[in-house]
Amino acid sequence: MILAIDGPAGAGKSTVARELAKHLGLTFLDTGAMYRAVTWAVVERRVDPHDEAACAAVARSLRLDFDAEGQIRVDGRPGEPAIRSEAVTAAVSHVSAHPAVRRVIVPMQREEARRRGGVVAEGRDVGSVVFPAADFKFYLDASPEVRAERRAKEVGRPDLYGEFLLAMRERDRLDMTRADSPLVRAEDAILVEADHLDAAGVVKVMLGRVKARARA
Ligand code: DC
C-alpha cells in the first residue's frame, strides 16, 4: 500500500507520516530528506545551488538509503542533523527545483517504495508525480501564520515569529511556483486542514479515511 502526503513546509507532514506508518505497519519515506541530503553535499562541496548540471552530478554521486528508523544515510553516514542546518534549509528550495536533480531522485523514491513493499511517503509531489497511483492521497494544509507560530514555539523563540513567517511564505512561493513538480493539491487528494488540529488529530482523520475504505 502507498499512502502519499503532500503539503507546505511546516504543516506537520513528517510527524503525521511517521505515526501513520507505525499504525499501518508501513515504512516512512521522507522524500524531503533526500533533497536535503543532496543539498548538504552541494553545500559541503561548495557547488553553486543554482548550477543545475553540477547539482545533478552531486545527486548522481551519492548513495542514499534509510536506516531501520527511517533516518537517511548519505554514503553510509547519518544525514541527521546536518541536513536540517540553516545553510541546507536556505539552499534546498533552489536545488530541489532543478529538473535534472529530480530526474535522479524520483526513481530512487519509487525504487525504495518497491523494495519496502509499501510506504507512507511525504513531500511536495508524492501524490501528484512520484506515486500518481497511490492508494491514498492527502494534502495537509495549514496557514503560514499557524506554521510559523508552531515553529517558533518548537524552538522556544516566540520573538522569531515574524522571521519564520517571512521564511515560510518564501519557501511556499518557491515550492508552489517552480516549473517542475510544483507543490499542488492533486485532484484526487483528500484535503486535511491542520490549523485547528494537532498531529494526533490529523492522524485520527487520516486513519479514519483508511479504515473506512477497508470496511467498504
Ligand atoms: O519537507 P522538507 O522541508 O524537508 O523539504 C525540503 C525541500 O525539498 C523543500 O524546500 C521542497 C523540496 N521537496 C521537493 O521538492 N519535493 C519533495 N517531494 C519533498 C521536498
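Atoms within a ligand are numbered from 1 in the order they appear, just like the ligands themselves.
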Check: Nearest protein heavy atom to atom 1 (O) of ligand 1, by residue and atom, and its distance?
Finding: Arg124 NH1, 2.9 Å
Notebook entry, point to check: How far is atom 11 (C) of ligand 1 from its nearest protein heavy atom, and which residue and atom is that?
Noted result: Asp175 OD1, 3.6 Å
Check: Gln109: heavy atom below 4.0 Å from ligand 1, yes or no?
Finding: no
Item checked: Residue, atom name and distance, where the atom is the protein heavy atom closest to atom 12 (C) of ligand 1 -> Ser96 OG, 3.4 Å
Item checked: Carboxylate-amine/guanidinium proximity below 4.0 Å for Lys137 and Asp188 -> yes
Checklist line | Protein residue, atom and distance nearest to atom 7 (C) of ligand 1, heavy-atom basis | finding: Val92 CG2, 3.6 Å
Checklist line | Protein residue, atom and distance nearest to atom 3 (O) of ligand 1, heavy-atom basis | finding: Arg171 NH2, 2.6 Å
Margin query: Quick check on side chain to side chain contact (heavy atoms under 4.5 Å, CB included): which of Arg209, Met206, Arg185 does Ile190 satisfy it with?
Written below: Arg209
Note to self: Only heavy atoms of Asp125, strictly under 4.0 Å: list the atoms of ligand 1 that pass.
What the structure shows: 16 (N), 17 (C), 18 (N)
Note to self: Could you walk me through whether Arg124 and Ser96 satisfy the side chain to side chain donor-acceptor pair (under 3.5 Å) test, starting with their C-alpha distance in whole Å, then the side-chain angles of each, then the deciding distance to 0.1 Å, before giving a yes or no?
What the structure shows: CA-CA 11 Å; Arg124 304 294 189 285; Ser96 62; over 6 Å; no
Check: Heavy-atom contact under 4.0 Å between Arg178 and ligand 1?
Finding: yes
Next item on the list: For atom 19 (C) of ligand 1, find the nearest protein heavy atom and state the residue, atom name and distance (0.1 Å precision).
Entry: Thr31 OG1, 3.4 Å
Next item on the list: Would you verify whether the NZ or CZ of Arg110 falls within 45 degrees of the ring axis of Phe131 while also being under 6.0 Å from that six-membered ring's centre?
Entry: no
Check: Can you check whether Tyr35 has an N/O within less than 3.5 Å of an N/O in ligand 1?
Finding: no
Notebook entry, point to check: Going by an N to O cut-off under 4.0 Å, is there a salt bridge joining Arg73 and Glu80?
Noted result: no
Note to self: Regarding Arg77 and Asp75, does a basic nitrogen lie under 4.0 Å from an acidic carboxylate oxygen?
What the structure shows: no
Margin query: Other residues, nucleotides and ligands only: do more than 12 of their heavy atoms fall within 6.0 Å of CD on Glu187?
Written below: no
Item checked: Arg36, Glu122, Arg102: member with heavy atom nearest to atom 4 (O) of ligand 1 -> Arg36
Next item on the list: Around atom 20 (C) of ligand 1, find the nearest protein heavy atom and jot down its residue, atom name and distance.
Entry: Gly32 CA, 3.5 Å
Margin query: Taking the basic N atoms (NZ, or NE/NH1/NH2) and the acidic carboxylate oxygens, is any pair closer than 4.0 Å for Asp125 and Arg102?
Written below: yes
